[in-house]
Amino acid sequence: MSTSSDYATDYDFSPRLYDGVTIKRGIAWVFDVVFIALLCALVLPFTAFTGIFFFPFLMVVVGFIYRWFTLAGGSSTWGMRLMGIRFRDNEGAPLTSGLALAHTVGYVVSIAVAPLQLISIILMFVTERGQGLTDLVLGTEAINTSH
């Protein structure tokens, strides 16, 4: 269960909240992509298998919905929950549905434009709080929930 002490604002930086978060985000991303691919495979029969011809688009659509709803429902995807991390806004609060939508749009844009994704990954490794490009634009960050 989360308490207000789980949240740190700019004036209350706690390095332990960010230990290993970048690597955990990477592992969570792999889990989420595999899970989304499995969901898409389950959807294929309902498209009379025509989904095979637009599978990447199907992945984007299913992934968008999955990411938005899981971020809005708990500030983390299921992969992130498995890894013990979650997002929070610049006030330290969980993501609202609108902020989760904005974060998902930022993620999809960065995936669609490869240089943006590369910049985002580099930022996660070099910023003090492990924030990617979308995080920096929106003021969000990922933190450890198990500490």
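All residue numbers in this chain count up from 1 along the given sequence.
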Run the side-chain donor-acceptor check on residues 112-125: report pairs under 3.5 Å with partners two or more places apart or on a different chain.
{"from": "Gln117", "atom 1": "OE1", "to": "Ser110", "atom 2": "OG", "distance (Å)": "2.8"}
{"from": "Ser120", "atom 1": "OG", "to": "Leu133", "atom 2": "N", "distance (Å)": "3.0"}

Expected list for residues 33-40: side-chain donor-acceptor pairs under 3.5 angstrom, two or more places apart:
none

Give every donor-acceptor pair under 3.5 Å between a side-chain atom in residues 42-61 and any protein atom, sequence neighbours left out.
{"from": "Thr47", "atom 1": "OG1", "to": "Leu44", "atom 2": "O", "distance (Å)": "2.7"}
{"from": "Thr47", "atom 1": "OG1", "to": "Phe49", "atom 2": "N", "distance (Å)": "3.4"}
{"from": "Thr47", "atom 1": "OG1", "to": "Gly51", "atom 2": "N", "distance (Å)": "3.0"}
{"from": "Thr50", "atom 1": "OG1", "to": "Thr47", "atom 2": "O", "distance (Å)": "2.6"}

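Checked against side-chain contact (heavy atoms from CB on, under 4.5 Å), Ala102 has the following partners two or more places apart in sequence or in another chain: Leu138. A search for side-chain contact (heavy atoms from CB on, under 4.5 Å) contacts involving Thr70 returns Tyr66, Thr77, Trp78, Arg81, not counting sequence neighbours. By the side-chain hydrogen bond (donor to acceptor under 3.5 Å, both in side chains) test, Arg25 is found to be paired with Asp135, residues two or more places apart in sequence or in another chain being considered.
Hydrophobic clustering (side-chain heavy atoms under 4.5 Å, transitive across Ile, Leu, Val, Met, Phe, Trp, Tyr) keeps Leu17 apart from Ile27. Residues Ile143 and Leu82 do not share a hydrophobic cluster, defined by chaining ILVMFWY side chains whose heavy atoms lie under 4.5 Å apart.
One finds the CE atom of Met80 at 8.5 Å from the OG atom of Ser75 (value rounded to the nearest 0.5 Å). Atoms CZ and CH2, from Arg67 and Trp29 in turn, are 10.5 Å apart once rounded to the nearest 0.5 Å. Atom-to-atom distance recorded for Arg86:CZ and Asn144:CG is 10.0 Å, nearest 0.5 angstrom. Distance check, rounded to the nearest 0.5 Å: CD of Gln131 to CD of Glu141 gives 5.5 Å. Rounded to the nearest 0.5 angstrom, Asp89 CG and Thr96 OG1 are separated by 7.5 Å. Rounded to the nearest 0.5 angstrom, Leu99 CG and Asn90 CG are separated by 8.0 Å.
Screening residues 33-45 for side chain to side chain donor-acceptor pair (under 3.5 Å), with sequence neighbours left out, gives no hits. Listed by first then second residue, pairs satisfying ring-ring contact (aromatic ring centres under 6.0 Å, His included) with a partner in residues 86-105 read Phe87-His103, not counting sequence neighbours.
Arg88 is not listed as a side-chain neighbour of Thr145, based on a closest heavy-atom distance of 4.5 Å or more. Contact annotation: the side chain of Thr140 never approaches that of Thr134 to less than 4.5 Å [non-hydrogen atoms, C-beta and beyond].
Side-chain polar atoms of Tyr107 and Trp68 form no donor-acceptor pair below 3.5 angstrom.
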Take Asp19 and Arg16, measure what side chain to side chain contact (heavy atoms under 4.5 Å, CB included) needs, and give me the verdict at the end. CA-CA 5 Å; Asp19 285 343; Arg16 69 181 170 76; 4.1 Å; yes
